[in-house]
Amino acid sequence: MKYYYDAEIFDKELTPNTSQLAKPTVYKTVENKACIVVKNAMYRSAEFSGAFLLADSEAVDFPKSGFVRVEVFCRWFDRRLKTRGIKILVDLSKCQFKKNYSGQIVANLSL
């Protein structure tokens, strides 16, 4: 999570608001962290797949199906939101929540 809060805050002048071409570009290794592994998730018009570190506020039970926004610690074009992680749109039938995930997570979405 430190990598997320070390980033500069989102700047509307320098950071694209949306991008259909954005994809995972930076990965970090985590050990025993709460993560979500997604397929075809969306954020600001970009569609992507991968493992993401869940925000602490997301350690709750979700329904088995449907679409929800899930808060994760991932930068958007090397920038972060001021007060929280980004909220990606996921199809719950195409994702897995892992309480003690160890491995690579997506740390940045960009070109």
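Just the heavy atoms: all of them, side chains too, but no hydrogens, waters or symmetry mates, feed the values below.
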Item to check | Verdict with reasoning, R79 to D11, per side chain to side chain contact (heavy atoms under 4.5 Å, CB included) | outcome: CA-CA 8 Å; R79 305 249 177 195; D11 182 332; 4.1 Å; yes

Item to check | Trace of the side chain to side chain contact (heavy atoms under 4.5 Å, CB included) decision for L109 with T25 | outcome: CA-CA 6 Å; L109 296 168; T25 56; over 6 Å; no

Report the distance from atom [atom1] of [X] to atom [atom2] of [Y], rounding to the nearest 0.5 Å.
| X | Y | atom1 | atom2 | result |
| --- | --- | --- | --- | --- |
| E47 | N40 | CD | CG | 4.5 Å |
| L81 | R75 | CG | CZ | 12.5 Å |
| E13 | T15 | CD | OG1 | 9.5 Å |
| L54 | K98 | CG | NZ | 12.0 Å |
| F52 | Y101 | CZ | OH | 10.5 Å |
| K33 | S102 | NZ | OG | 10.0 Å |

Checklist entry - Is it true that atom CD of E8 has more than 12 heavy atoms of other residues, nucleotides or ligands lying nearer than 6.0 Å? => result no

Checklist entry - Is there a chain of hydrophobic side chains (I, L, V, M, F, W, Y, each step under 4.5 Å between heavy atoms) that links F97 to V68? => result yes

Checklist entry - Would you say Y27 and F77 are hydrophobically clustered, going by side-chain heavy atoms of ILVMFWY under 4.5 Å? => result yes

State, to 0.1 Å, how close [X] and [Y] come at their nearest heavy-atom pair, and which atoms those are.
| X | Y | result |
| --- | --- | --- |
| S49 | P24 | O-CG, 3.8 Å |
| C35 | L53 | SG-CA, 3.9 Å |
| F48 | V38 | O-CG2, 4.4 Å |
| A46 | S19 | CB-O, 3.3 Å |
| K28 | Y3 | CE-CB, 4.0 Å |
| L111 | L21 | CD2-CB, 3.5 Å |

Which pairs would a plain distance check flag for residues 89-96, meaning a side-chain donor or acceptor within less than 3.5 Å of a matching protein atom at least two apart in sequence or in another chain?
residue	atom	partner	partner atom	Å
D91	OD1	S93	N	3.0
D91	OD1	S93	OG	2.8
D91	OD2	S93	OG	3.3

For [Y], is there any backbone N or O sitting under 3.5 Å from a side-chain donor or acceptor partner on [X]?
| X | Y | result |
| --- | --- | --- |
| E71 | I86 | no |
| Y4 | R84 | yes |
| R69 | I88 | no |
| W76 | P16 | yes |

Item to check | Donor-acceptor pair between Q104 and T29 side chains, under 3.5 angstrom | outcome: yes

Next on the checklist: Please tell me whether N32 and N100 have a donor and an acceptor in their side chains that are separated by less than 3.5 angstrom.
Outcome noted: no

Checklist entry - So, is the end of the R44 side chain (NZ or CZ) under 6.0 Å from the ring centre of F10 and within 45° of the ring's axis? => result yes

Checklist entry - Does L14 sit in a hydrophobic cluster with other residues, and if so which ones, taking ILVMFWY side chains as linked at heavy-atom separations under 4.5 Å, directly or through other members? => result none

Checklist entry - Is M1 close to F73 at the side-chain level, that is, under 4.5 Å between some pair of heavy atoms? => result yes

